[in-house]
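For reference, the structure is listed below as structure tokens.
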Amino acid sequence: MALMLLKNANLKCLTTFQALSLLVLVVIDLSNGSVSWRLATKPAVFGKDIELHCNLDNDTSLDNSRHWSKGKNVKVLVVNGETVNDTKYSEELNKSKRTSILTITSLDTGDVNVPYTCQHGFQTYKKVLNMTVENFEYHPDKRNTSFNQEDDHLLFSMKFEKVFPVPTCKASYGDQNITNLLNISSVRSNVFYKVEISLKYHHVSKECIHHPFELDCCVGTKTIKQRFETANDVCLEMAPGVKTVENPNEPEKDQTLGTVGQVIFGIVFLFYCILFPIAYAYLQYNGY
């Protein structure tokens, strides 16, 4: 019971302090003093934790209040390490570096393209956490991929429902670079992209050729690899394991008769060369 009362008292104190902080932020300019914050986690990957580092004012004691807020309406997130949502936000003070570290758990779309404010004493700094190609990534967990071979054509397609930034890809067929044949189309959907990658490659050869088709797509720092073994139409027309002959029109010889003949020869040899002499010697020995 005592613990519950203490917790409620702390929450009331935090709420009162938040209200006072909001009044202060309304009165003062939100971009003054030597306080500033930056994105410390690069790349910032959606679904993972990120950190914002706020460099505190050198002229203000570390004992003074510090807090983080979010949005145009200045929604308070953390005050002196006390958070309004411990599953989403936390704050740590690095005294030696005079840095307040805000951790945002499991980055999602609601965390980006909104302003964040760091305050230390009466010094504040407000800036939008812009979702830029250089600093943010969304790695697709699902992709639809298809690969077919038709009339010496390689047909490939891959779709991402959500990805950021737009992938950069390269393709090869054996030792040939066929990146220039890739077609990459993208459509912006909310903060992410919907991307489709396709390729059609025609290769004709009179010989049976097996080449791997490989595709490497980079989504920021992550590389997505695709590899398929291929065979041209000449290979597909040949029975597996059958070698080509000089005269392909000559029918294959039937090996069945030869095998039967070998069996009969073996039986005859066994009878006349081994069993018959033994029997004859036995009869002679016994006086028959």
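Computed from a prediction, not measured in an experiment: that's the story for all the values here.
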Would Y125 end up clustered with L62 when hydrophobic side chains under 4.5 Å apart are linked, directly or stepwise?
no
Side-chain heavy-atom pair T109, Y138 within 4.5 angstrom cut-off
no
Straight-line distance of L77 CG to L102 CG, nearest 0.5 Å
6.5 Å
Reported CD-to-OG1 distance for the pair E51 and T41, which is rounded to 0.5 angstrom:
5.0 Å
For the residue pair T83 and N85, confirm or rule out a side-chain donor-acceptor distance under 3.5 Å.
no
What I'd like to find out is whether the side chain of R98 reaches to under 4.5 Å of the side chain of N58, using heavy atoms alone.
yes
Return the CG to CG distance between L129 and L107, rounded to the nearest 0.5 Å.
7.5 Å
On the 0 to 90° scale, with breaks at 30° and 60°, tag the Y173-H211 ring pair as parallel, tilted or perpendicular.
perpendicular
May I ask you to say whether K162 pairs ionically with D141, meaning some side-chain N is under 4.0 Å from a carboxylate O?
no
Side chain to side chain contact (heavy atoms under 4.5 Å, CB included), that's the test. Do I224 and H139 meet it? Break it down for me.
CA-CA 9 Å; I224 299 173; H139 302 157; over 6 Å; no
Dump the intermediate steps for side chain to side chain contact (heavy atoms under 4.5 Å, CB included) on F213 and F147, then the final yes or no.
CA-CA 10 Å; F213 168 72; F147 179 80; 3.7 Å; yes
Flag the pair K194 and E196 as a salt bridge only when some basic side-chain nitrogen lies within less than 4.0 angstrom of an acidic carboxylate oxygen.
no
For E229 and Q149 the tightest heavy-atom approach is O-OE1, 4.2 Å
Indicate if V133 and V219 have the same hydrophobic cluster label, given that clusters are the connected sets of ILVMFWY residues with side-chain heavy-atom separations under 4.5 angstrom.
yes
Taking atom types as modelled, find out whether T132 and N130 have a side-chain donor-acceptor pair closer than 3.5 angstrom.
no
Nearest heavy-atom neighbours spanning L199 and A171:
CD1-CB, 4.2 Å
Ignoring hydrogens and geometry beyond distance, is a side-chain donor-acceptor pair present between E91 and S100 at under 3.5 Å?
yes
Would you confirm whether Y201, through its side chain, and S172, through its main-chain N or O, come within 3.5 Å as a donor-acceptor pair?
no
Rounded to the nearest 0.5 angstrom, the OG1-CG distance for T124 and D57 is 10.5 Å
Search all heavy atoms of T60 against all heavy atoms of H120 and return the closest pair with its distance.
O-CE1, 3.4 Å
Taking a hydrophobic cluster as the set of Ile, Leu, Val, Met, Phe, Trp and Tyr residues connected by side-chain heavy atoms closer than 4.5 Å, whether directly or through intermediates, do V163 and V166 fall within one such cluster?
yes
Can you name the nearest heavy-atom pair linking W37 to Y116, along with the distance?
NE1-O, 2.9 Å
Please evaluate residues L52 and L39 with respect to the criterion side chain to side chain contact (heavy atoms under 4.5 Å, CB included), reporting the C-alpha separation (whole Å), side-chain torsions for both, the decisive distance (0.1 Å), and the verdict.
CA-CA 5 Å; L52 305 183; L39 174 65; 3.8 Å; yes
Counting C-beta onward and ignoring hydrogens, is there a side-chain heavy-atom pair between I197 and F160 closer than 4.5 Å?
yes
side-chain hydrogen bond (donor to acceptor under 3.5 Å, both in side chains) for E137 and T221? Distances and angles first, verdict last.
CA-CA 8 Å; E137 299 177 9; T221 57; 3.0 Å; yes
Linked, directly or transitively: I104 and V128 (ILVMFWY side chains, under 4.5 Å)
no
With a sphere of 6.0 Å drawn around NZ of K222, does it hold more than 12 non-hydrogen atoms of other residues, nucleotides or ligands?
no
Using only the SG atoms, decide whether C169 and C217 are less than 2.5 Å apart.
yes
Is a side-chain donor or acceptor of N80 paired with a backbone partner of R66 at a separation under 3.5 angstrom?
yes
Counting only heavy atoms not in K88, do more than 12 fall under 6.0 Å of its NZ?
yes
In Å and rounded to the nearest 0.5 Å, what is the CZ to CG distance from F136 to N113?
8.0 Å
Take S65 and V79 through the side chain to side chain contact (heavy atoms under 4.5 Å, CB included) test and state the conclusion after the steps.
CA-CA 7 Å; S65 65; V79 177; 5.6 Å; no
Rounded distance [0.5 Å steps], NZ in K200 versus CG in L182
15.0 Å
All heavy atoms of S69 vs all of V74, minimum pair found to be OG-CG1, 3.4 Å
Between M131 and V112, what is the shortest heavy-atom contact and its length?
SD-CG2, 4.0 Å
Would the F46 and F192 ring centres measure less than 6.0 Å apart?
yes
Would the distance check show the side chain of N144 and the main-chain N or O of M158 forming a donor-acceptor pair, the cut-off being under 3.5 Å?
no
